[in-house]
Amino acid sequence: MTVTDRMDHDRIRGVATRVLRAEAEALMAMADCPPEGFARATRIILGAKGRVVTSGMGKSGHIARKIAATLASTGTPALFLHPGEASHGDLGMVAPGDVCILLSNSGETRELSDLIQYTRRFDIPMIAITRVAGSTLARQADVALILPDKPEACAIGMAPTTSTTCTLALGDALAVALMEERGFKADAFHVFHPGGKLGAQFLRVRDVMHSGAALPQVTPATPMGETLIEMSAKGFGIAALVEDGTLQGVITDGDLRRNLDGLMGHNAGEVATRDPRTANPDMLLSEALGLMNRHKIGALFVVEDDNRLCGLVHIHDCLRAGVA
């Protein structure tokens with residue numbers, strides 16, 4: 001890298017430092033003194049029988065859309081309404097029982113005027129997020145959440161940067177406050193996030209386990225010849241020792257090797273390992289995988305509370321489900 005390249009490199013990195021510090025300072029100012037109406041806004045949303053409708057124009061619209069998505073995925077029904085579409089028929093999407101959150105840095109975004117008037121006409125609670133306390137939006141709102149009066153991070157001080165970051169963070173704070181007030185738990189989170197890595201983290205053993213005829217099982221009296229056929233036919237390299245429906249032990253490849261001398265003269269009860277590691281059907285799949293890894297085993301039989309055999313989970317099932 002030449003001296004000139006190094007200077008350009010350092011200069012560009014310096015821009016990143018300046019922008020990040022400017023936005024971080026604004027966030028810290030808001031953290032030190034959260035908007036006065038934050039608790040009231042939270043209570044209004046908690047008391048709503050309908051949905052939260054967010055709206056904003058331009059960059060504020062993008063932030064409003066993200067806030068709606070975060071609320072919806074964390075237990076607060078929400079949707080984004082474009083202010084232009086609202087003025088051309090979509091105001092019908094806003095109903096009694098709803099709450100509107102309207103975003104505008106200046107508080108004077110004219111595209112929001114129809115939404116503002118609609119909320120006032122039909123007595124729909126409206127929460128404003130704006131930087132200007134004396135703006136039209138703030139004055140009309142039931143609760144105005146005022147952003148810190150900090151400069152935008154760009155060189156010309158005009159591009160929405162600091163303001164949108166603060167608005168986004170404030171939306172996150174609202175969503176988390178609502179989650180905690182509602183007692184929103186991990187199980188409920190999984191309902192809204194069934195796909196991808198997040199969904200995989202909440203899968204239960206019962207969601208992937210093999211059951212019924214797929215289970216390799218023998219009785220204590222089963223000859224080892226028949227046991228080997230059962231293990232080969234089911235393809236898991238393991239068999240359950242079952243008596244009266246309850247799991248009494250397991251037979252693995254290791255058990256076969258340990259009893260190789262005269263193996264065919266034994267029955268399954270004589271070869272099996274008693275009191276094996278097991279999983280519960282409601283156990284998180286990630287927990288079952290951890291159990292397999294810790295004990296260096298490739299599969300777990302799944303039992304109900306009374307030790308009745310109900311399934312089998314293999315390490316490959318965990319990997320296919322995305323739990324790793």
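No experiment lies behind these values; they were computed from the predicted model shown.
- The distance from the CD atom of Glu270 to the CE atom of Met224 is 10.0 Å, given to the nearest 0.5 Å.
- Between His82 and Phe80, the angle of the ring planes goes over 60°, which puts this pair in the perpendicular group of the 30/60° scheme.
- A 4.5 Å side-chain heavy-atom check between Leu102 and Ser55 finds at least one atom pair inside the cut-off.
- Taking each heavy atom of Met209 and Cys310 in turn, the nearest pair found is CE-O, 3.6 Å.
- Here Met292 contributes atom CE and Cys318 contributes atom SG; the two are 3.5 Å apart, rounded to the nearest 0.5 Å.
- Follow the hydrophobic side-chain contacts under 4.5 Å out from Val53 and you reach Leu137 in the same cluster.
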- Message: Under the criterion salt bridge (Lys or Arg N to Asp or Glu O under 4.0 Å), I'd like the reasoning laid out for Arg120 against Asp142: C-alpha separation, chi angles, the key distance, then a yes or no.
- Response: CA-CA 9 Å; Arg120 303 305 80 189; Asp142 295 284; 2.8 Å; yes

- Please walk me through it: do Thr76 and Arg182 pass side chain to side chain contact (heavy atoms under 4.5 Å, CB included)? CA-CA 9 Å; Thr76 300; Arg182 295 184 195 280; 3.2 Å; yes

- Stepwise salt bridge (Lys or Arg N to Asp or Glu O under 4.0 Å) test for Asp10 and Arg13: CA-CA 5 Å; Asp10 292 343; Arg13 281 173 56 86; 5.2 Å; no

- Message: Run Thr162 and Thr165 through side chain to side chain donor-acceptor pair (under 3.5 Å) and show every step you take.
- Response: CA-CA 5 Å; Thr162 303; Thr165 297; over 6 Å; no

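- In this view, Asp114 satisfies the salt bridge (Lys or Arg N to Asp or Glu O under 4.0 Å) rule with no residue, not counting sequence neighbours.
- The side-chain heavy atoms of Leu291 and Leu300, taken from C-beta on, include a pair separated by under 4.5 Å.
- In the hydrophobic clustering of this structure, Ile297 does not group with Leu247; members are Ile, Leu, Val, Met, Phe, Trp, Tyr whose side-chain heavy atoms approach within less than 4.5 Å, directly or through other members.
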- Message: One pair to check against side chain to side chain contact (heavy atoms under 4.5 Å, CB included): Met126 and Ile124. What are the steps and the verdict?
- Response: CA-CA 6 Å; Met126 190 262 283; Ile124 294 169; over 6 Å; no

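- With hydrophobic clusters built from ILVMFWY side chains whose heavy atoms lie under 4.5 angstrom apart, Leu309 does not share a cluster with Val218.
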- Before giving the answer on side chain to side chain contact (heavy atoms under 4.5 Å, CB included), spell out for Met231 and Asp253 the whole-Å C-alpha distance, their side-chain angles and the decisive distance to 0.1 Å. CA-CA 10 Å; Met231 292 174 69; Asp253 289 340; 4.2 Å; yes

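- Hydrophobic clustering (side-chain heavy atoms under 4.5 Å, transitive across Ile, Leu, Val, Met, Phe, Trp, Tyr) groups Phe38 together with Ile101.
- Here Arg43 pairs with nothing under the salt bridge (Lys or Arg N to Asp or Glu O under 4.0 Å) rule; sequence neighbours left out.
- Residues Arg131 and Asp149 form a side-chain contact, since some pair of their non-hydrogen atoms from C-beta on lies under 4.5 Å apart.
- Heavy atoms from other residues, nucleotides or ligands lying under 6.0 Å from CE of Met28 number 12 at most.
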- Message: side chain to side chain donor-acceptor pair (under 3.5 Å) for Thr136 and Glu108? Distances and angles first, verdict last.
- Response: CA-CA 6 Å; Thr136 300; Glu108 301 295 343; 2.8 Å; yes

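- Closest approach of Met57 and Thr109 over heavy atoms only: CB-CG2, 3.7 Å.
- A distance of 10.0 Å separates NZ of Lys59 from CD1 of Ile63, quoted to the nearest 0.5 Å.
- To the nearest 0.5 Å, atom OG of residue Ser286 and atom CZ of residue Arg204 are 9.0 Å apart.
- Val208 and Leu312 are not part of a single hydrophobic cluster, where members link through side-chain heavy atoms under 4.5 Å apart.
- Pairing each heavy atom of Glu287 with each of Met283, the nearest pair is OE1-CG, 3.5 Å.
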- Message: The test is salt bridge (Lys or Arg N to Asp or Glu O under 4.0 Å); show your working for Lys234 and Glu230 and say whether it passes.
- Response: CA-CA 6 Å; Lys234 300 301 170 64; Glu230 177 73 356; 2.9 Å; yes

- Message: Let's go through Leu228 and Met264 carefully: what are the C-alpha distance in whole Å and the side-chain angles of both, what is the deciding distance for side chain to side chain contact (heavy atoms under 4.5 Å, CB included) to 0.1 Å, and is it a yes or a no?
- Response: CA-CA 10 Å; Leu228 290 173; Met264 303 308 287; 3.9 Å; yes

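- From Ile67, atom CD1 reaches atom CG of Asp172 across 7.5 Å, with rounding to the nearest 0.5 Å.
- The environment of CG in Asp123 is sparse: at most 12 heavy-atom neighbours from other residues, nucleotides or ligands sit within 6.0 Å.
- Ion pair Asp255/Arg258 flagged as a salt bridge, since at least one NZ, NE, NH1 or NH2 atom sits closer than 4.0 Å to an Asp/Glu carboxylate oxygen.
- Side chains of Ser87 and Glu111: a donor-acceptor N/O pair is absent below 3.5 angstrom, by distance only.
- Side chains of Ile315 and Asn293 form a contact here, defined as non-hydrogen atoms less than 4.5 Å apart.
- Rounding to the nearest 0.5 angstrom, the gap separating the OG1 atom in Thr227 from the CD atom in Gln217 is 12.0 Å.
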